[in-house]
Amino acid sequence: MTMLDDQARAILRGNDRGGYTVPTDMLYPFQWNWDSAFAAWGFSTFDSDRAWREFETLFAAQWADGMVPHMVFHDAAPGYFPGPEVWGVGGDVPTSGISQPPVAATLMRMVWEADPEAGTERLRALYPRLLAWHRWWMQTRCASGAVAVCHPWESGRDNCPDWDVGLANVDGSGAGDYARRDAAEVDGEQRPTKLEYDRYLALVRFGKDCGWDQQTIVERCPFLMADPGITFLLIRAHDDLAALGRPLGEDVSEIEGWAAQLRAGVQTLWNPELQSFDARDLRSGAWAGVIGSGALLCWLARCERPEMEAHLARMWDAVTYGLPSSDPEAPSFERKRYWRGPVWPQMNALIGLGLLSAGRDWDEARLREETAALIESAGFREYFDPLDAAPCGGDNFTWTAAVWLAWAGR
Ligand code: 9WN
């Protein structure tokens with residue numbers, strides 16, 4: 001284990017670009033939002049100062065309206081596509097124009113609780129920024145009751161089958177010619193297809209053309225889907241932000257109200273036919289009709305229902321290593337293609353945290369052991385084949401190293 005601990009620490013140090021951490025060299029040469037929160041969690045196991053610095057560089061890129069962008073383009077990386085010019089956001093340090101899963105409060109709480117003395121003043125400085133970001137989600141994305149995403153990348157679970165129904169509304173035919181960085185780095189069968197990518201780019205063009213005006217995006221962007229995954233993460237993040245605010249002497253009643261509001265709102269994402277939480281296309285009203293790992297975050301928000309226990313058991317028993325990013329018994333399942341089946345270590349950590357919160361210690365231990373077994377056999381990869389543990393995607397991956405240090409390798 002010590003050797004893997006050393007390797008994990010070396011990966012975090014190696015991916016450190018001086019105050020921010022890239023998810024992996026080459027494939028992802030910038031700062032990504034939720035990757036950074038995991039990096040901070042990993043750093044906190046051996047360098048508390050560096051952990052707080054990671055949050056600070058991420059929140060330094062916060063927009064005036066409170067949004068914390070999904071990518072921060074600190075340094076030029078020629079050849080990366082879609083880079084800052086495609087997003088067209090501008091600024092001293094350009095960013096992308098969408099957000100990403102709001103896990104920072106949850107991971108920051110764990111970082112702070114591990115060493116409150118080192119973190120309290122830094123937490124005090126970051127707290128208003130977290131609050132503004134949570135408010136941004138509530139004000140711009142929650143009109144339907146649950147949280148909506150305006151781009152599959154905003155969900156963090158890029159090409160999971162949940163988005164197929166909403167992406168069908170998006171015309172990607174004007175995408176033109178472009179060279180994907182991921183295609184040069186990773187086997188094509190493990191990445192999103194060209195059709196999906198063309199549609200992702202059409203959505204970026206829509207946002208750029210309207211100057212990233214949130215009202216226009218929510219009213220008219222061809223893609224808008226309510227997501228159980230982000231909703232559960234935001235509920236949990238609200239709970240954790242309130243828990244951080246109380247010892248600081250903050251009035252957390254607004255945050256408690258948001259959590260209660262979303263706990264009621266997420267019930268709009270119960271698909272009675274599927275008997276599961278499910279994503280919903282807010283343009284057409286259609287259900288995604290497939291259970292993804294986003295729905296398995298229900299325990300994290302303490303919104304579980306007995307039917308979800310049966311899905312958890314069934315999906316888990318259909319693979320060797322839990323938990324698949326999409327239902328292994330659904331026709332859309334693909335064991336190696338990005339979010340359409342593989343196991344993601346950071347999702348396992350979040351689902352595991354949820355299982356623990358719900359008192360399912362045995363399930364959490366099983367998930368932690370299976371995650372550890374994947375890393376021990378395939379290395380610090382981006383994601384893994386749930387049937388045979390084959391390594392997929394990028395190598396020397398930041399969140400895999402972080403999850404090892406803070407959870408799976410404990
Ligand atoms: C687009 C960095 C990011 C993760 C996402 C993951 C993938 C990017 C991509 O990599 O997304 O944001 O190019 O595919 O899906 O969750 O944050 O690791």
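All figures in this text were calculated on a predicted structure; none of them were measured in a lab. In what follows, every heavy atom counts, from backbone to side chain, and hydrogens, waters and symmetry copies are set aside. Whatever order the structure lists them in is the order used to number ligands and atoms, beginning at 1.
The aromatic rings of W32 and H70 sit perpendicular to each other, their planes meeting at more than 60°, with 30° as the lower class boundary. Aromatic ring pairs are classed by plane angle as parallel below 30°, tilted from 30° to 60° and perpendicular above 60°; the pair H151 and W153 is parallel.
The closest protein non-hydrogen atom to atom 6 (C) of ligand 1 is Y338 OH, 3.5 Å. Ranking protein heavy atoms by distance to atom 8 (C) of ligand 1, first place goes to D158 OD2, 3.5 Å. At the top of the distance list for atom 16 (O) of ligand 1, counting protein heavy atoms only, stands G156 O, 2.6 Å.
Between R280 and D227, none of the side-chain N atoms (NZ, or NE/NH1/NH2) sits under 4.0 Å from a carboxylate O, so this pair counts as no salt bridge.
Annotation for ligand 1: atoms under 4.0 Å from non-hydrogen atoms of Q100 are 4 (C), 5 (C), 16 (O), 17 (O). Interface atoms of ligand 1 facing W34, defined by a heavy-atom separation under 4.0 Å, are 4 (C), 5 (C), 16 (O), 17 (O). Interface of D35 with ligand 1, defined as ligand atoms under 4.0 Å from a residue heavy atom, comprises 2 (C), 4 (C), 17 (O), 18 (O).
Using a 4.0 angstrom heavy-atom cutoff, D182 does not count as in contact with ligand 1. The closest approach between any non-hydrogen atom of R191 and ligand 1 is below 4.0 Å. Ligand 1 does not have M71 within reach: every non-hydrogen atom of the residue lies 4.0 Å or more from it.
Only the side chain of F397 comes within contact range of ligand 1, with a heavy atom under 4.0 Å; no backbone atom does.
In this model, a donor atom of one side chain and an acceptor atom of the other lie less than 3.5 Å apart for S284 and D281. Side chains of D278 and S276: a donor-acceptor N/O pair is absent below 3.5 angstrom, by distance only.
The minimum heavy-atom distance between P152 and Y200, with the atom names listed, is CG-CE2, 3.8 Å.
Residue-to-ligand polar distances place W32 within reach of ligand 1: an N/O pair is separated by less than 3.5 Å. Considering backbone and side-chain N/O of W399, none are found under 3.5 Å from N/O of ligand 1. The shortest N or O to N or O distance between H70 and ligand 1 is under 3.5 Å.
Both tests hold for R366 against W316: distance to the six-membered ring centre under 6.0 Å, angle to the ring axis within 45°. A cation-pi arrangement, defined by a distance under 6.0 Å to the six-membered ring centre and an angle within 45 degrees of its axis, is present between R180 and Y197.
Other residues, nucleotides and ligands contribute only 12 or fewer heavy atoms inside 6.0 Å of the CZ atom of R220.
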